[in-house]
There are 2 protein chains.
Amino acid sequence: MAVTINDVARAAGISKSTVSQYLNGRYEFMSLETRQRIKQVIEELDYRPNALARSLKQKKTHTIAAVVSSILNPFITNTIRGAEDYCKETGFNLILCNADDDPKQELAYIQTLQSKQIDGIIISTTGRNNEALRTMNRTGTPVVLFSRHVPEIEVDAVTVDNRAGIGLGIRHLMAHGHRNIAFFVLPYSDSPVTPRRERAQAFREYMQEYGLPFHEEWLVECTNEEEVLAGQLDRLLQGPGPHPTAVFGANDLMTMSLVRLLKNRRLRIPQDMAVLGFDDWEWAPYLSTPITVVAQPSYEMGRRATERLIQRIRNQLLGVPPTLEYYQPTLIVRRSCGESGE
Amino acid sequence: MAVTINDVARAAGISKSTVSQYLNGRYEFMSLETRQRIKQVIEELDYRPNALARSLKQKKTHTIAAVVSSILNPFITNTIRGAEDYCKETGFNLILCNADDDPKQELAYIQTLQSKQIDGIIISTTGRNNEALRTMNRTGTPVVLFSRHVPEIEVDAVTVDNRAGIGLGIRHLMAHGHRNIAFFVLPYSDSPVTPRRERAQAFREYMQEYGLPFHEEWLVECTNEEEVLAGQLDRLLQGPGPHPTAVFGANDLMTMSLVRLLKNRRLRIPQDMAVLGFDDWEWAPYLSTPITVVAQPSYEMGRRATERLIQRIRNQLLGVPPTLEYYQPTLIVRRSCGESGE
DNA sequence: CTTGATAGATAAATCGGTTTTGTTCACGGT
DNA sequence: ACCGTGAACAAAACCGATTTATCTATCAAG
């Protein structure tokens, strides 16, 4: 059906070896005449080389994949933009796979990608497929983790400095007179992945370091469903003794849910409750009260992860051991923590 | 390096043809004994078939692609979810390509996808690569358009009923006492793609049909940059004569920009200006005034486009001519058009 | 005892390229 | 006249699978 290299060779009255040389730009092996002849025939027949056949022989596909935890997550999509741009510049193809934070889906993708012989992957992993990732990396398909780091896998990783981010956030709240701060984080106790744990731990440490009141019950580990969150909030606000005047969400999803809950409860931000988020997201500025956040340089991180991956693929990092790279978060001051952010 | 079918055959003391039969589940051609032997060897060696080789011979990759105009667009990401789910159910692989509304990028993707021999694509096209899409479809790689339809290409398409959506919106505004309505739409005059044009045209027609005041200057065709939009709004609000009391955004991007602008101008929604949007987006409910919108059934549309594509791939639609399928939009009433939506 | 199925495999061709190795021929030097 | 050399191309092997044709026992039927 489709036109192949043989068709081209036949039409040009030449062997397919020569056509192949032409395709790969090795013009020194042919006369100017044949070169032009081939060019012409290719155009006439609208010939397009079959990448499968080529990759099969060459053992490289010039394609990498980004396996992401969720395409609905603004941090992730920005990260992808960085990856795309870097790929464009280096001539690699990028394919996107959305694992939806489901380890099974993730594993399925890892496997089909491998069988499709992609050259490498960047991944924000669930942390549940470490063995597969480790093997993949060891057997010659480089892996770079981004956003989430898993200590057990010895591969390159690009993350944000979570501790620093928490410190940044707490100092900002302190500067606005807040001392009673509650921290909301999605369940991490059974999660093999670092960010949540690191952020929670950093919160614990910084609160003590800065001499702020820390109660273990104010470090709330729960899902972000409305009812669950509502229950937790009620617990924090009822009874005697001091109540939190600020809530700090450990990631965008959690912060968004907190905002929604406060809105439903008719609690004003920041007068009744200050809100600080980790991760920036597109519409944080458009809410009734624009939300102040600790932001990650997501675009750069995606770019950098891809850069490292492609360096590995090109064997430019042969002696270099796997490295964990930290990016510094920044504070984006809007209005959810008090007035001076006007 | 990697283990191949030959390694398996050798280790099992058997020919590779038989191993291949095993891989394809044609067990009737071998004894139970060899079958178990092969199974064992495959596990021991951790053998994974090379999909490139397989696809090269079989001339199908069991992979389809979704080429999208922007992964930042909530409508699109929802659409992708639908596509993913349908693929999962039917055992197809889905790869995502983000063309970022750039015809060049789009064409680049179309071409590499073709050279990678994917089985088909669904696409929300820029409308600038019709020739490529037409050829692709004609030469055996089915194409299904979604969200945007291009009349010149004779392929299946799944879109929303734009006319109906505009009607829905205008009637809702009328019900809230609005008669002076301005419509904001991104530039479409030189765009080969239908939705913007259809929506603008429908607005024009419905306004007249319902006996509402229609001025061509109130159908604003402009980009959604802050300054541009501000200029247009000023134009509408100054001078004598009636001013619009409601703005209708032709898509999510435009509506979002309108909301931002009104917010910056300290115009209250809906008291000073009612807002109605086309396309729903995740955070429309969380704004200071939750925005009322005409929503498309995005998930279903993505699913349906994929279903049609896979039917074409499987040749189950041989006699059936390319069809344009319309989905009905729905009105999601929130608070931006007046009180009763409480 | 021959013939014909049949089960259980295998060898060889094939997919569409790339790469290695050969071949042919012209030409320059001696 | 002979050799060596390089330019220009071709033949063949190869990549890792699938598929088709072929082979070899074994056993039943005639």
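Here is how names work: the chains are called A, B, and so on, in the same order as the sequence lines, proteins then strands, and each is numbered from 1.
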Nucleotide range of DNA chain D contacted by chain A, 5' to 3', under 4.0 Å to a heavy atom?
D:dA8 to D:dG16
Audit row: B:R308, B:E325, salt bridge (charged side-chain N to carboxylate O under 4.0 Å, His left out) steps and yes/no:
CA-CA 10 Å; B:R308 259 201 113 65; B:E325 265 182 41; 3.4 Å; yes
Between protein and nucleic acid, restricted to nucleotides 20-24 of chain C and to nitrogen or oxygen atoms under 3.5 Å apart, what atom pairs and distances do you find?
none

Taking the nucleotide of DNA chain C with the nearest heavy atom to each, does B:T34 or B:A53 sit closer to the 5' end?
B:T34
Round to the nearest Å and state the distance from A:R10 atom CZ to C:dG16 atom P.
11 Å
Output yes when at least one side-chain N/O atom of A:N24 is less than 4.0 Å from OP1 or OP2 of C:dT18, else no.
yes
Difference in axis direction between the ends of the helix from C:dC1-D:dG30 to C:dT30-D:dA1, five pairs, 10°:
70°
Nearest heavy-atom approach of A:I5 to A:K16 is CD1-O, 3.8 Å
Could you state the CD1-P distance from A:I5 to C:dT19, rounded to the nearest angstrom?
11 Å
For A:I42 and C:dG17, give me the distance from atom CD1 to atom P, rounded to whole Å.
10 Å
Member of A:I110, A:L107, A:V67, A:V150 meeting the side chain to side chain contact (heavy atoms under 4.5 Å, CB included) criterion with A:L133:
A:I110
Which heavy atom of B:N137 sits nearest to which heavy atom of B:P142, and what is that distance?
OD1-CA, 3.4 Å
Does atom CD of B:E154 have more than 12 heavy-atom neighbours, drawn from other residues, nucleotides or ligands, at distances under 6.0 Å?
no
Value in whole Å for how far the C1' atom of C:dT19 lies from CG of A:L56
13 Å
Using a cut-off of strictly less than 4.0 Å, decide whether A:S55 has a side-chain nitrogen or oxygen near OP1 or OP2 of C:dG17.
no
Select base, sugar-phosphate, or nothing to describe what A:K16 touches, counting heavy atoms under 4.0 Å on all strands.
base
Distance in angstrom units between B:L32 CG and C:dA7 C1', rounded:
14 Å
Answer with yes or no whether the side chains of A:S298 and A:T79 bring together a donor and an acceptor at under 3.5 Å.
no
Select base, sugar-phosphate, or nothing to describe what A:I14 touches, counting heavy atoms under 4.0 Å on all strands.
sugar-phosphate
If you count the non-hydrogen atoms of other residues, nucleotides and ligands that lie under 6.0 Å from CD in B:E33, is the total more than 12?
no
Quick one: does B:E106's side chain get under 4.5 Å of B:I123's, heavy atoms only?
yes
Are any side-chain N or O atoms of B:N50 and backbone N or O atoms of B:L52, one a donor and one an acceptor, separated by less than 3.5 Å?
yes
When B:R35 and A:V19 are each assigned the nearest nucleotide of DNA chain C, the 5'-most assignment goes to B:R35
Pairwise 5' ranking along DNA chain D for A:T18 and B:R54, keeping only the more 5' one:
A:T18
Just wondering, more than 12 heavy atoms not from A:K88 lying within 6.0 Å of its NZ?
yes
Is the shortest side-chain N/O distance from A:Y47 to OP1 or OP2 of C:dG17 below 4.0 Å?
yes
Going by an N to O cut-off under 4.0 Å, is there a salt bridge joining A:D190 and A:R196?
no
Is A:R26 touching bases, backbone alone, or none of the nucleic acid, heavy atoms closer than 4.0 Å?
sugar-phosphate
Can you measure A:D7 atom CG to C:dC15 atom P for me and round it to whole angstrom units?
11 Å
Could you tell me whether A:S20 contacts a base, only the sugar-phosphate backbone, or nothing, with contacts defined as non-hydrogen atoms closer than 4.0 Å?
base
Check the distance between C:dT14's P and B:Q58's CD and give it to me in whole angstrom.
18 Å
In whole Å, what is the span from the NZ atom of A:K57 to the C1' atom of C:dG16?
12 Å
Does B:R312 reach the main-chain N or O of B:L317 with its side chain, forming a donor-acceptor pair under 3.5 Å?
yes
Should the heavy atoms of other residues, nucleotides or ligands under 6.0 Å from NZ of A:K104 be counted, would the total exceed 12?
no
